[in-house]
Amino acid sequence: MTPAMWTAIVVELSPVEAVRSLADIGWEAFELSTEHLVMIADAAIPEQAADELREVVEELGVAMPQAHLLISANVATADDEARQRDIAAVMRQIELCARMGIEVGVIHPGGDRPATLVDQHKEEGRRIESFAQLSVHAGERGVALAVENMNDAKAGATGALGRRTFGATIPELHELIDVVGAPNIGICLDVGHAHVQGVPMAEAVRQCGRRLIALHIQDNDGLSDQHLAPGRGSIDWEAGIAALREIGYEGIFNLEIPGERGLPVDLTLRRLEGILATTRWRLSR
Amino acid sequence: MYTGATSHVLMDAGLEGSLRAMAEMGWEGGELALTHLREIAGADDPDAAADEVGALIEELGLRVPQVHLEVAAMGSLDDAQREADLAMVERHIKLCRRMGLEVGVLHPVGGMPATLAEYRRVGQVRIESFARMAEFGAQHGFSIAIENTMDTRGDEMSALGRRLFGAIIPELHEVIDAVGADNFGICLDTGHTNVQGISMAEAVRQCGDRLIATHIDDNHGVKDEHIEPFRGTIDWESGVAALREIGYEGIFNLEISPARGQPMDAQVHWLEGVLATTQWLLGR
């Protein structure tokens, strides 16, 4: 497993600058963040921006195998107009990802927490339909979709199933993948989300099994989704990494740690040098 | 629908004292509390104790259709523990029938299995246990009601983290569908659904015609307080309307914590107020 960094850790920089800066301090692999993907899609000539980033990645000899597709996309929402708009945006991002040689796009399962069971079932239908549509579009371009695990709400959330959020458990992701039945859909395990949910990283990894195709590595105290660097929370990393090896995961060990942002870029990069050293040590044990 | 309260509501008065006080106040019925069921089962002559309670209920003209059965290890993978618990519930059902009780409430207990494989085994064992209880109940003219639970917020975790089986109504329907017995329905605990974030009205509709028992209690949506209606945040008007909408005609049974520690006359006054509020709620 190669340590990797999600590029929005330096969201102040352009995609090219972000990759160059992170590569300069030793990071060898990246997840292209939603923010940077949006910058590329919004460029005057998006294809040119995508090609430029691909060339830089190749020039630097680093890898960028995954991207976070539109984080705000809700492909299961009951708002038809919003859903179609989000699907179109995600499809466009998939096209750009394919152009950049990105193989996996991470996507959230979406949903509105409907008030009635009838609407809950309708939402499930929309989610399946959207993922089927997106998987075909991605498959035609050689891209796989990785549906990410969520976590249940703590309190105050209401709905037909109360505080429960679709995708907060790994079996729910498997159910979605089984129903869609496309070969290019797998799971992005966010180990921090699983930890808040109360599922140990090692158990979550084993539940994903061979469908694990992307990782969001982050730590927290088990109470809220803090997105901190590994070791700053209470996840059992040794057992979790051992489980990744046990299931034969060989993808990138991608840190998604916005909880470490907030400093000027040069200081963030200094901090990331230490995080890289720690991550390499964890993966070498 | 008619008014009722679980018999521990005047715990300090004992079972006979509670039932007599409730009847005198004007409660129409009740649920036999687990603590009282245990006392009857633990008597020197349980059958005679049960017959006495049955006679008392008849004398008072109370309608006591439901009982809270033991919190048995329905989904436990410990075969000996599960067998012991199920055998005890069977003995208790026989006693309940002697008292004229008709519906027994059971929790879908299954522990917190650490792996998905164990979680699935627990699910299968739970179905088998409920099937056995439903079959035993059917042989004795008795129904089983599975009660909704709540996801946890504590440190105890399963392979699905803080999720606890039975916290949402569709999971109860899954067990009932799998068992496929006519005498197997749902006990809706309105407080548990409120903590879970499900409105009472929606929960009632989700139960539909499988609703055969009620645990009516309120809270503030954060923890399971078992306080009387209107002291928490449940929308009682829409909840009771939903009960009428689905055609529920059973007991509106308050499973609320007793006002222990106060003088008995104060406890009685408190319960009279609770009854008046309940009658007002159901009479609207």
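So you know, we letter chains A, B, ... as the sequences are listed, proteins then strands, and number each from 1. What you see is a predicted model; the values in this text were computed from it and never measured. Values reported hereafter were calculated over all heavy atoms of this structure, with side chains retained and with hydrogens, waters and symmetry mates removed.
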Review point. For atom NZ of B:Lys223, is the number of surrounding heavy atoms from other residues, nucleotides or ligands below 6.0 Å larger than 12?
Key: no
Review point. Would you say A:Leu161 and B:Pro170 make side-chain contact, with heavy atoms under 4.5 Å?
Key: yes
Review point. Which residue pairs pass the salt bridge (charged side-chain N to carboxylate O under 4.0 Å, His left out) test with at least one member in residues 161-184 of chain A, sequence neighbours excluded?
Key: A:Arg164-B:Asp151, A:Arg164-B:Glu171, A:Glu172-B:Arg163, A:Asp178-A:Arg211
Point to revise | Options A:Val196, A:Ile170, A:Leu223, A:Val118, ranked by heavy-atom pairs under 4.5 Å with chain B, top entry | key: A:Val196
Revision key, fill the gap. Output for pair (A:Thr169 OG1, B:Leu160 CG), nearest 0.5 Å, gives 5.5 Å
Review point. Looking only at heavy atoms, what is the nearest atom pair of B:Ala159 and A:Glu203, with distance?
Key: CB-OE2, 3.9 Å
Practice item. Please round to the nearest 0.5 Å and tell me the distance separating atom CD of A:Gln207 and atom OH of B:Tyr119. Key: 10.5 Å
Review point. In this structure, are over 12 heavy atoms from other groups packed under 6.0 Å from A:Glu129 atom CD?
Key: no
Review point. Under a 4.5 Å heavy-atom cut-off, does chain B meet the side chain of A:Ala115, its backbone, both or neither?
Key: backbone
Point to revise | Over 12 non-hydrogen atoms of neighbours within 6.0 angstrom of CD in B:Glu135 | key: no
Revision key, fill the gap. Between A:Pro171 and B:Leu116 the two heavy atoms that sit nearest each other are CG-CD1, 3.5 Å
Exercise for review: Take atom CD of A:Glu238 as the centre, draw a 6.0 Å sphere, and report whether it contains more than 12 heavy atoms from other residues, nucleotides or ligands.
Suggested key: no
Revision key, fill the gap. Whatever's closer than 4.5 Å to a heavy atom in chain A on B:Ala114 counts as backbone
Practice item. Please check if atom CD in A:Gln84 has more than 12 non-hydrogen atoms from other residues, nucleotides or ligands closer than 6.0 Å. Key: yes
Exercise for review: Measure A:Ala160 against the heavy atoms of chain B and call it side chain, backbone, both or neither at under 4.5 Å.
Suggested key: both
Review point. Just checking heavy atoms, which of residues 177-209 of chain B are less than 4.5 Å from chain A?
Key: B:Val195, B:Gln196, B:Gly197, B:Ile198, B:Glu202, B:Gln206
